[in-house]
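This report concerns only the one structure given below.
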Amino acid sequence: MSNKKPNTPKGTRDFGPAESAKRNHIISSIKAHFLNYGFSQIETPAMENLSVLMGKYGEEGDKLLFKILNSGDYLQKVSQEDFEQGSQHVLPSIAEKGLRYDLTVPFARFVVQNRNDLAFPFRRFQIQPVWRADKPQKGRYREFYQCDADIIGTKGVFSEVELTRLIQDVFKSLGYPNYLIKINHRELLFGLAQWCGLATKEIQFCTALDKLDKIGHEKVTEELNNLGADAEKLVQLFDLLGQDWNNMQKLEGIEALLPENPGIETVKTYFRYLKDSGENVSLDLSLARGLNYYTGIIFEVVAQDVKIGSICGGGRYDDLTGVFGLPDVSGIGISFGLDRIYDVLEEKGLFPDSLKVSAQALITHFDEKSFVHGMDLLSELRANQIPAMLFPDLAKINKQFNYANKIDIPYVIVIGEEEVKTRVYTVKQMKTGQQHSLALSELIKLLKAE
RNA sequence: GUGGUUGUAGCUCAGUUGGUUAGAGCGCCUGAUUGUGGUUCAGGAGGUCGCCGGUUCGAACCCGGUCUUCCACCCCA
């Protein structure tokens with residue numbers, strides 16, 4: 001290991017054949033459900049203008065944005081005054097683009113730009129990488145994929161129900177049952193904040209409350225007290241949160257505190273529409289989610305038996321396009337975290353074995369004559385939609401078999417003098433060791449059977 | 001961004017108070033096997049001990065820096 005040993009940048013990874021196959025397994029499953037729900041795919045550039053990205057994810061988000069240096073002499077526009085005032089003042093002069101931080105904001109930009117060509121409500125899905133300059137940890141990468149589905153241009157709670165069912169369908173088809181869909185409503189959170197006497201500090205209230213299951217109610221109480229919350233009301237609040245209630249009981253409990261809150265009716269309707277399919281759905285009044293633009297119901301999906309944070313998140317935003325000049329468009333979206341779902345499936349051993357197969361058959365040979373004959377057989381197999389390879393070098397037969405074994409090829413076809421003459425091929429099933437002599441039509445039938 | 005942690009062969013890891021030529025298992029290559037892989041046996045290759053610097057007669061080991069990994073904050077998918 002010399003100092004020349006190359007490496008990918010911190011928090012980024014390569015995906016080899018095995019990993020790519022597993023990732024594709026997840027992507028194709030999610031994509032199939034997106035299509036089944038009527039979403040159309042779009043793609044947007046990896047980079048956006050910083051004016052599009054800045055200020056959309058809160059102060060923290062701005063720090064985590066990767067900025068791209070301007071081309072050419074990027075210091076040219078920096079004035080002495082900017083430089084003396086520090087990096088904050090230099091930034092606008094040296095970088096005007098950044099890597100996208102999520103898929104929702106670029107989508108809002110896309111909607112505004114293409115508003116006249118889109119039919120609303122518009123359902124789009126998007127599967128692309130995003131970048132965050134976070135400090136990497138397990139399940140936290142600097143480059144990771146999001147799989148987003150958004151419905152924009154409708155306020156109906158039915159959209160929330162659609163996305164809930166979509167989540168359920170996806171995890172069902174991935175074979176992972178131990179997830180929990182936590183939901184809450186920003187109006188409820190804001191109502192609670194005001195009720196506690198934190199009318200101007202709703203966001204701080206949310207982020208403090210969000211830590212409840214992590215640091216416990218004493219510490220959260222302490223934080224909220226420091227913000228200036230009404231101590232008596234906090235006692236009432238934590239009394240409510242501590243109850244082991246079902247969703248309806250929780251709703252009734254919070255309705256008693258906030259009788260006029262518009263979020264109550266919305267959440268009630270949501271559960272009514274869900275009917276009996278709300279099995280993995282839980283109203284969690286402490287769920288906050290950091291992103292500033294959410295205004296209505298918010299979602300978070302957690303893996304209950306893997307320590308990895310949330311694997312899917314989303315919510316309703318009433319005015320995301322407003323900042324780009326298109327007001328009064330309500331949208332709702334969810335984002336599946338491909339990389340974390342991967343980590344969950346990997347840890348739980350839920351990837352199917354069949355993903356390993358690289359080709360159905362490898363054609364091996366003893367000499368050049370049989371090698372050349374193998375080329376024709378290869379074409380025949382491929383013409384019959386049988387993924388096949390011909391060993392490309394003249395090599396010892398055991399080397400060829402060894403290769404097939406290593407890359408998990410199920411069938412090896414052997415061609416020698418005899419096979420070329422008779423056109424009856426020897427085929428060995430690697431898993432069982434069984435061997436047959438078959439003419440082409442029989443061979444195709446066998447290889448297609450699997 | 002703050003604090004901590006990790007790094008030795010392709011992989012998982014040993015390595016004594018600082019002392020010749022740094023080891024094991026697995027994997028890899030060759031042969032037993034010129035019509036058969038996965039089992040077995042024999043042999044072999046592969047390391048500037050993450051990198052740079054310092055202390056020392058002498059450093060995988062001690063010190064500093066740096067990169068990387070993971071963890072706790074922060075925040076999030």
Side-chain angles (χ1 to χ4, degrees), chain A residues 1-13 16 26 30 57-65 87 101-104 127-148 203 206-208 210-211 214-215 219 223 287-292 299-303 306-314 333-344 362 364-367 370 391 394-420 425-435 437:
Chain A
M1 276 183 228
S2 73
N3 57 350
K4 283 178 189 165
K5 189 185 183 185
N7 204 355
T8 59
K10 186 204 281 264
T12 66
R13 302 144 304 151
I26 300 171
I30 290 175
Y57 310 106
E59 243 177 86
E60 198 66 29
D62 283 354
K63 282 187 212 159
L64 298 180
L65 280 170
S87 44
Y101 179 90
D102 71 357
L103 301 178
T104 307
I127 299 173
Q128 289 189 278
V130 304
W131 295 268
R132 297 183 189 176
D134 224 331
K135 206 163 181 174
Q137 282 181 31
K138 188 186 180 188
R140 172 178 297 192
Y141 309 100
R142 286 188 152 182
E143 177 183 63
F144 60 97
Y145 269 68
Q146 292 194 326
C147 312
D148 274 35
I203 297 284
C206 287
T207 48
D210 197 38
K211 299 177 203 163
K214 208 170 185 180
I215 64 176
K219 291 248 172 108
E223 257 187 64
L287 173 67
R289 291 188 57 73
L291 291 177
N292 291 348
F299 296 96
E300 188 158 290
V301 183
V302 293
V306 180
K307 204 186 160 207
I308 197 148
S310 57
I311 51 180
C312 180
I334 50 160
S335 180
F336 291 87
L338 169 63
D339 305 78
R340 286 188 178 175
I341 292 171
Y342 180 103
D343 290 344
V344 168
L362 176 76
T364 63
H365 42 80
F366 283 99
D367 48 37
S370 40
F391 196 86
L394 298 175
K396 283 185 183 174
I397 197 73
N398 60 357
K399 189 174 178 184
Q400 301 183 53
F401 264 89
N402 203 11
Y403 177 70
N405 193 49
K406 268 191 228 166
I407 59 174
D408 292 306
I409 299 245
Y411 290 94
V412 172
I413 297 161
V414 183
I415 302 182
E417 212 178 322
E418 201 50 34
E419 284 82 357
V420 173
Y425 305 104
T426 304
V427 58
K428 180 167 185 175
Q429 186 178 6
M430 296 298 275
K431 200 171 160 189
T432 61
Q434 275 185 325
Q435 204 156 299
S437 295

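Just the heavy atoms: all of them, side chains too, but no hydrogens, waters or symmetry mates, feed the values below. Lettering of chains follows the sequences in order, A, B, ..., and the numbering in each one begins at 1.
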Let's see if you can work this out: which of [options] has an atom nearest to the side-chain heavy atoms of [X]?
| X | options | result |
| --- | --- | --- |
| A/Asn398 | B/C74, B/A77, B/U33 | B/U33 |
| A/Leu64 | B/U36, B/C75, B/A77 | B/C75 |
| A/Phe401 | B/C71, B/U36, B/U69 | B/U36 |
| A/Ser310 | B/C74, B/U68, B/A77 | B/A77 |

Considering Watson-Crick and G-U wobble pairs with both distances under 3.5 Å, what does [N] pair with?
| N | answer |
| --- | --- |
| B/C49 | none |
| B/A42 | B/U30 |
| B/A24 | B/U12 |
| B/U55 | none |

Provide the distance between the two [atom1] atoms, one in [N] and one in [M], to the nearest whole Å.
| N | M | atom1 | value |
| --- | --- | --- | --- |
| B/C62 | B/U17 | C1' | 12 Å |
| B/A9 | B/G50 | C1' | 14 Å |
| B/G54 | B/A59 | P | 12 Å |
| B/G7 | B/C63 | P | 14 Å |
| B/U16 | B/U8 | P | 16 Å |
| B/G27 | B/A42 | P | 14 Å |
| B/G18 | B/G58 | P | 16 Å |
| B/A77 | B/A60 | C1' | 39 Å |

(request) Output yes when a side-chain donor or acceptor of A/Arg142 lies under 3.5 Å from a complementary backbone atom of A/Pro136, and no otherwise. (result)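 Checked: no pair found.
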Is it the case that [N] (base atoms only) and [X] (side chain only) share a donor and an acceptor within less than 3.5 Å, ignoring hydrogens and angles?
| X | N | answer |
| --- | --- | --- |
| A/Arg140 | B/C75 | yes |
| A/Gln400 | B/U36 | no |
| A/Lys135 | B/G1 | no |
| A/Glu419 | B/G35 | yes |

Compare every heavy atom of [Y] with every heavy atom of [X], then report the nearest pair and how far apart it is.
| X | Y | result |
| --- | --- | --- |
| A/Ala404 | A/Leu362 | CB-CD2, 3.7 Å |
| A/Met430 | A/Ile409 | CG-O, 3.4 Å |
| A/Thr364 | A/Ile397 | OG1-CD1, 3.5 Å |
| A/Arg340 | A/Ser310 | NH1-O, 3.0 Å |

(message) With rounding to the nearest 0.5 angstrom, report the CG to CZ distance, A/Leu287 to A/Phe299.
(response)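 Nearest 0.5 Å value for the CG-CZ distance: 10.5 Å.
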(request) Give the ring-plane orientation class for A/Phe391 versus A/Tyr403, where under 30° counts as parallel, over 60° as perpendicular and anything between as tilted. (result)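 Rings of A/Phe391 and A/Tyr403: perpendicular, as their planes differ by over 60°.
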(message) Below the 4.0 Å mark, does B/C70 have OP1 or OP2 next to a side-chain nitrogen or oxygen of A/Lys138?
(response)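 No, because none of the side-chain N or O atoms of A/Lys138 sits under 4.0 Å from OP1 or OP2 of B/C70.
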(message) Whether A/Gln137 contacts B/A72 is assessed here as follows: a side-chain N or O lying under 4.0 Å from the phosphate OP1 or OP2. Is that the case?
(response)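 It does, given that an N or O in the side chain of A/Gln137 lies less than 4.0 Å from OP1 or OP2 of B/A72.
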Polar atom pairs (N or O), protein with nucleotides 28-30 of chain B, under 3.5 Å:
{"from": "B/C29", "atom 1": "OP1", "to": "A/Lys406", "atom 2": "NZ", "distance (Å)": "3.1"}

(message) Need to verify one output field. Residue with the more 5' nearest nucleotide on RNA chain B, A/Lys63 or A/Tyr145?
(response)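 Upstream on the strand: A/Lys63.
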(request) Select from A/Tyr141 and A/Gly433 the residue whose nearest nucleotide in RNA chain B is closer to the 5' end of that strand. (result)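 First, find each residue's nearest nucleotide; the 5'-ward one identifies A/Gly433.
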Spacing between [X] atom [atom1] and [N] atom [atom2], to the nearest angstrom:
| X | N | atom1 | atom2 | answer |
| --- | --- | --- | --- | --- |
| A/Phe366 | B/G37 | CZ | P | 10 Å |
| A/Asp102 | B/A77 | CG | C1' | 10 Å |
| A/Glu300 | B/C75 | CD | C1' | 12 Å |
| A/Lys10 | B/C71 | NZ | C1' | 13 Å |
| A/Asn405 | B/G27 | CG | C1' | 14 Å |
| A/Leu362 | B/U36 | CG | P | 16 Å |
| A/Asp134 | B/C70 | CG | P | 13 Å |
| A/Glu60 | B/C76 | CD | C1' | 10 Å |

(message) As a quick check of understanding, evaluate side chain to side chain contact (heavy atoms under 4.5 Å, CB included) for A/Phe336 and A/Ile311, giving each step before the final call.
(response) CA-CA 6 Å; A/Phe336 291 87; A/Ile311 51 180; over 6 Å; no
(message) At under 4.0 Å between heavy atoms, how does the protein contact nucleotides 40-46 of chain B? Give one character per nucleotide, 5' to 3', with B, S or -.
(response) -------
(message) Tell me whether A/Tyr145 at atom OH has more than 12 heavy atoms from other residues, nucleotides or ligands lying less than 6.0 Å away.
(response)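 No, the 6.0 Å shell around OH holds no more than 12 heavy atoms from other groups.
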(message) Can you tell me if A/Gln435 has over 12 outside heavy atoms packed within less than 6.0 Å of its CD?
(response)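 More than 12 heavy atoms, drawn from other residues, nucleotides or ligands, come within 6.0 Å of this atom.
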(request) For A/Gln137, enumerate each residue passing the side-chain contact (heavy atoms from CB on, under 4.5 Å) test, keeping only those at least two apart in sequence or located in another chain. (result)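 A/Gln137: side-chain contact (heavy atoms from CB on, under 4.5 Å) contacts with A/Arg140.
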(message) Stacking between A/Phe144 and B/A77, defined as ring centres under 5.5 angstrom apart with planes under 30°, is that present or not?
(response)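 The base of B/A77 is stacked with A/Phe144 (centres under 5.5 Å, planes under 30°).
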(request) Verify the distance criterion only: is there a donor paired with an acceptor across the side chains of A/Glu419 and A/Thr426 at less than 3.5 Å? (result)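 Yes, side-chain donor-acceptor contact under 3.5 Å.
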(message) Please tell me whether A/Ser370 and A/Asp367 have a donor and an acceptor in their side chains that are separated by less than 3.5 angstrom.
(response)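 On atom types as modelled, these side chains qualify, holding a pair under 3.5 Å.
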Which part of the nucleic acid, if any, lies within contact of [X], taking any heavy atom under 4.0 Å across all strands shown: a base, the sugar-phosphate backbone alone, or nothing?
| X | value |
| --- | --- |
| A/Gly11 | sugar-phosphate |
| A/Gly58 | nothing |
| A/Thr364 | nothing |

